[in-house]
K.L.:
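I have a structure I would like to understand better, so I am pasting it below and will then ask my questions one at a time.
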Number of protein chains: 2
Amino acid sequence: MATIEDVARVAGVSTATVSYVINDTRRVSDPLRLRVLRAMEETNYHPNNVARSLRVGQTKTIGLIIPDSANAFFAEVGRGLQDRSHSRGFSVILCNTDGDPSRESAYIDLLINKQVDGLVFVASGDNAASTRVASTHGVPIVVVDRHLAGIEVDEVVADNLKGAIMATEYLLKLGHTRIGCITGLSDVSPSADRAKGYRQTMKAAGLELDETLIIKGDFQCRSGGFAMQTLLALPSPPTAVVACNDLMAIGAISTACAAGLRVPQDVSIIGFDDIGLAAVTNPPLTTVAQPKYAMGTVAADLLVERIRNPQAPYRRWLLPTELVIRQSCATPIRP
Amino acid sequence: MATIEDVARVAGVSTATVSYVINDTRRVSDPLRLRVLRAMEETNYHPNNVARSLRVGQTKTIGLIIPDSANAFFAEVGRGLQDRSHSRGFSVILCNTDGDPSRESAYIDLLINKQVDGLVFVASGDNAASTRVASTHGVPIVVVDRHLAGIEVDEVVADNLKGAIMATEYLLKLGHTRIGCITGLSDVSPSADRAKGYRQTMKAAGLELDETLIIKGDFQCRSGGFAMQTLLALPSPPTAVVACNDLMAIGAISTACAAGLRVPQDVSIIGFDDIGLAAVTNPPLTTVAQPKYAMGTVAADLLVERIRNPQAPYRRWLLPTELVIRQSCATPIRP
DNA sequence: CGGCGAGTGTTAAACGTTTCAGCCCTCAAC
DNA sequence: GTTGAGGGCTGAAACGTTTAACACTCGCCG
């Protein structure tokens, strides 16, 4: 590969001049600039960004650490992040952790060694996550989707509490009173917030909280099915259930149908996330949408702002959630 | 950030020695090695990989260029690629093109400037794609999912032809004779191969090919719905349809249900890909599975082999597809 | 006792950029 | 004719590593 020196030789100038025309960082007279450009063509010159990075101390690269890029939710966030990062001049290195804390810190180390300019991190929920975030030795980091306690950092999260409240209120308004809830693992904040929203709304409606109606899932499709089985086996099963994410909602619908129930006639099910396929499940899923793509773009913006200005005050973005009504919820037949 | 020089100073040795213990690339006596390790601790040393890369001419990074990382299929491929690459010591930079040729070449240039050691590329189907692949100036590249004509390169593709044959034969075996097909854009090879498999099998079964039963889609969910509308509006609609991917199959099911038909009783629909949610649609989707994750891991393997040995003969991996029978296909009521 | 090889350490060049400091012009002003 | 200013270009240091080449110390053998 041709180097800047080859270009300089061909053009009959110094490497400094070549650099100046490449980066447009100082006036160069027109005849010379032309000769340089021609020489670049001729030698098929591609600037070596790693040499550049070494010199200027910036790689124009950020790291994305997420549990699973194949998960519809994270995939969408990642897409938003990549798009916006690119338009801001940054590339992104993708790292999957499956929520494993040891892989999280391994990737953090790796990325720091690679001299990324910043990190966006969807942390697993364990209580040491905060300390991992703090271990970046000054590399800017923004935390997405999950709130981490006890640490000052840029954050972008969806308004999960409000979302769960909207979902529950919607079911109440339809006339349901016996409403179940399939939660996620309690140590990640979105999951906890959604469960909280459900509880809070039920209480506010003057309904006593039946703990047997609250089943713990793990955000995977399958667990929604199991939870639904448990709920249906109850002496007095719920007429509606709020699932804390779409995958579990879909699993729940699947199980309900297999049990011979009709959704929404016999049981209403509402999800959370609004993943792409929620619109085309059968029945189409009523759910509360998270601004997944926007979470990615906002994270990118937040991160490059911080890279530009490391001492700016920390910011926390709370993005709105939205109820999207489709066909998986209806008025109960026997209220 | 501490440099190797800081470590050397603290340990009272030369930077060479520090480098040797870090990389374990030459014997160093135990007492010295210990002093060095201690000094690394003390200074909280993180090796600077961009300096290293500049020196050794390797970044241990590969680029992934795909249409859309949020698409379930590509997301899974990407996941496989990232996992395997990481275990082979490589990081991956993610680039989304939405199938836009100009973005494809822009990303290729960017990644080359970043000195990636290799590229994996899911090309858009346009006929200049091959020349883009050839424009990497010697950077190893492996092409995934889509066959590119007129160019020698490592490839990993699924056996789409065989898959489509299996799908069509399955419907024939169930007793269908009037079978429709929703294809994708014809200029990408998987799409073309699937349509070919369908045609070929119908002909082999001695059925005349009714071109009105073949509708062109675009692999998006919505287009499956439109195609289904067209098919249902036919004077003599098909009793079964093979959709060339799952998204279109799901769209088709959705439309069929909306039209009051029951799947599979009134119309059978088979998909292609076996994306994650195919198992939990209503009804669960019968489809032919592609080894998506494996395509990613194989691509990673192929690429690092080529990086190791640039003059090895080119290889083409044809990964098997597999019929997975669920509940969206059945024997026709009126054959 | 001279010399040789093995073992362990250091010196310094090289990787390809960017950018500071300085040099050489030219030209205007006096 | 001298001076000063400023425009345009170059030389070379620096970024943080790796690694070839060399230096020193032993122990051993002829």
Side-chain angles (χ1 to χ4, degrees), chain A residues 1-37 39-40 43-61 89 110-117 137-139, chain B residues 1-37 39-40 43-61 89 110-117 137-139:
Chain A
M1 287 261 247
T3 77
I4 202 174
E5 209 156 347
D6 298 326
V7 177
R9 194 175 327 110
V10 170
V13 300
S14 72
T15 62
T17 303
V18 178
S19 174
Y20 290 134
V21 351
I22 292 175
N23 302 302
D24 198 20
T25 176
R26 238 181 67 170
R27 253 211 78 65
V28 172
S29 67
D30 282 347
L32 231 49
R33 135 173 286 110
L34 236 64
R35 258 164 54 202
V36 168
L37 290 175
M40 287 172 55
T43 55
N44 198 338
Y45 174 67
H46 278 260
N48 182 325
N49 271 348
V50 357
R52 169 167 226 285
S53 291
L54 176 59
R55 174 60 223 234
V56 305
Q58 270 215 44
T59 52
K60 288 292 186 181
T61 303
L110 175 64
L111 291 169
I112 287 181
N113 290 356
K114 279 196 179 287
Q115 308 290 114
V116 294
D117 297 332
H137 308 110
V139 177
Chain B
M1 283 261 250
T3 77
I4 203 174
E5 209 157 347
D6 299 326
V7 177
R9 193 176 327 110
V10 170
V13 300
S14 72
T15 62
T17 303
V18 177
S19 175
Y20 290 136
V21 350
I22 291 174
N23 302 302
D24 199 20
T25 177
R26 233 182 72 171
R27 252 210 80 63
V28 0
S29 67
D30 282 348
L32 231 48
R33 136 172 286 111
L34 236 64
R35 257 166 54 203
V36 169
L37 291 176
M40 288 173 55
T43 55
N44 199 337
Y45 174 66
H46 278 260
N48 182 325
N49 272 348
V50 356
R52 170 169 225 286
S53 291
L54 177 59
R55 172 61 220 232
V56 304
Q58 271 214 42
T59 53
K60 288 292 186 181
T61 304
L110 175 64
L111 290 170
I112 287 181
N113 290 356
K114 278 197 179 287
Q115 308 289 116
V116 294
D117 297 332
H137 307 111
V139 177

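By convention in this document, chain letters (A, B, ...) are assigned in the order of the sequence lines, proteins followed by strands, and residues within each chain are numbered from 1.
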K.L.:
Have a look at B:Val50 and say if it touches a base, only the backbone sugar-phosphate, or nothing, with a 4.0 Å heavy-atom cut-off.
P.N.:
nothing

K.L.:
Drop me the distance from A:Arg9's CZ to A:Ser14's OG, to the nearest 0.5 angstrom.
P.N.:
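Output value for this atom pair is 13.0 Å.
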
K.L.:
Distance check, rounded to the nearest 0.5 Å: B:Asn113 atom CG versus A:Met1 atom CE?
P.N.:
7.5 Å

K.L.:
If each of B:Leu32 and B:Ala51 is mapped to the nucleotide of DNA chain C with the nearest heavy atom, which maps nearer the 5' terminus, i.e. the 5' end?
P.N.:
B:Leu32

K.L.:
For B:Asn48 and for A:Val13, find the nucleotide of DNA chain D with the closest heavy atom, then tell me which residue's nucleotide is more 5'.
P.N.:
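Its nucleotide being nearer the 5' end, the pick is A:Val13.
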
K.L.:
Quick one: A:Ile4 CD1 to D:dA12 P, roughly how many Å, whole number?
P.N.:
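In whole Å, D:dA12 P lies 17 Å from A:Ile4 CD1.
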
K.L.:
Where the side chain of B:Ser19 is defined as all heavy atoms beyond and including C-beta, which of D:dG11, D:dT19, D:dG8 is the nearest nucleotide?
P.N.:
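In terms of side-chain proximity for B:Ser19, the closest of D:dG11, D:dT19, D:dG8 is D:dT19.
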
K.L.:
Quick one: OG1 on A:Thr15 to CD on A:Glu5, what's the gap to the nearest 0.5 Å?
P.N.:
6.5 Å

K.L.:
5'-most contact on DNA chain D: B:Arg52 or A:Ser14, nearest heavy atom basis?
P.N.:
A:Ser14

K.L.:
Report the residue (A:Ala16 or B:Leu54) whose heavy-atom-nearest nucleotide on DNA chain C is the more 5′ of the two.
P.N.:
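Final value for this comparison: B:Leu54.
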
K.L.:
Could you check which of D:dT18, D:dT10, D:dA13 has an atom nearest any side-chain atom of A:Tyr20?
P.N.:
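Nearest to the side-chain atoms of A:Tyr20, counting from C-beta on, is D:dT10.
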
K.L.:
What does B:Thr17 touch in the nucleic acid at a heavy-atom separation under 4.0 angstrom: a base, only the sugar-phosphate, or nothing?
P.N.:
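Base contact - B:Thr17 has a heavy atom under 4.0 Å of at least one base atom.
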
K.L.:
For DNA chain C, which nucleotides open and close the run of contacts to chain A, 5' to 3', at under 4.0 angstrom from a non-hydrogen atom?
P.N.:
C:dG16 to C:dA21

K.L.:
When rounded to the nearest 0.5 angstrom, what distance separates NZ in A:Lys114 from OG1 in A:Thr61?
P.N.:
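With rounding to 0.5 Å, NZ (A:Lys114) is 9.5 Å from OG1 (A:Thr61).
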
K.L.:
Using a 4.0 Å heavy-atom cut-off across all strands, classify B:Asn23 as base, sugar-phosphate, or nothing.
P.N.:
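Sugar-phosphate, backbone atoms only, no base.
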
K.L.:
Whole angstrom is fine here: how far is it from CZ in A:Arg35 over to P in D:dG8?
P.N.:
15 Å

K.L.:
Describe the nucleic acid contact of B:Arg26 in one word from base, sugar-phosphate, nothing, applying a heavy-atom distance below 4.0 Å.
P.N.:
base

K.L.:
Measure NZ/A:Lys114 against P/D:dT17 and give the value in whole Å, please.
P.N.:
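It is 14 Å, rounded to the nearest whole Å.
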
K.L.:
Roughly how far apart are A:Leu54 CG and B:Asn49 CG, rounded to 0.5 Å?
P.N.:
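Output value for this atom pair is 11.5 Å.
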
K.L.:
Would you name the heavy atoms of B:Ile22 and B:Tyr45 that are closest together and state the gap between them?
P.N.:
CD1-CE2, 3.4 Å

K.L.:
To check you understand the geometry: which heavy-atom pair defines the closest contact between B:Pro47 and A:Gln115, and what is its length?
P.N.:
O-OE1, 4.3 Å

K.L.:
Could you tell me whether the side chain of B:Arg55 has a donor or acceptor atom within less than 3.5 Å of a complementary atom in the base of D:dT18?
P.N.:
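Check passes, donor-acceptor contact within cut-off.
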
K.L.:
May I ask you to say what B:Thr3 touches in the nucleic acid, namely base, sugar-phosphate or nothing, with a heavy-atom cut-off under 4.0 Å?
P.N.:
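Sugar-phosphate contact only - B:Thr3 comes under 4.0 Å of backbone atoms but never of a base.
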
K.L.:
May I ask you to test the A:Thr3-A:Asn48 pair for a side-chain heavy-atom distance under 4.5 Å?
P.N.:
no

K.L.:
Quick one: bend of the helix from C:dC1-D:dG30 to C:dC30-D:dG1 from 5 pairs per end, to 10°?
P.N.:
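Here the local axes at opposite ends form an angle of 70°.
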
K.L.:
With rounding to the nearest 0.5 angstrom, report the OG to CZ distance, B:Ser19 to B:Arg52.
P.N.:
7.5 Å

K.L.:
Can you give me the closest heavy-atom contact between A:Met40 and A:Val7, atom names plus distance?
P.N.:
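Heavy atoms of A:Met40 and A:Val7 come nearest at CG-CG1, 3.7 Å.
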
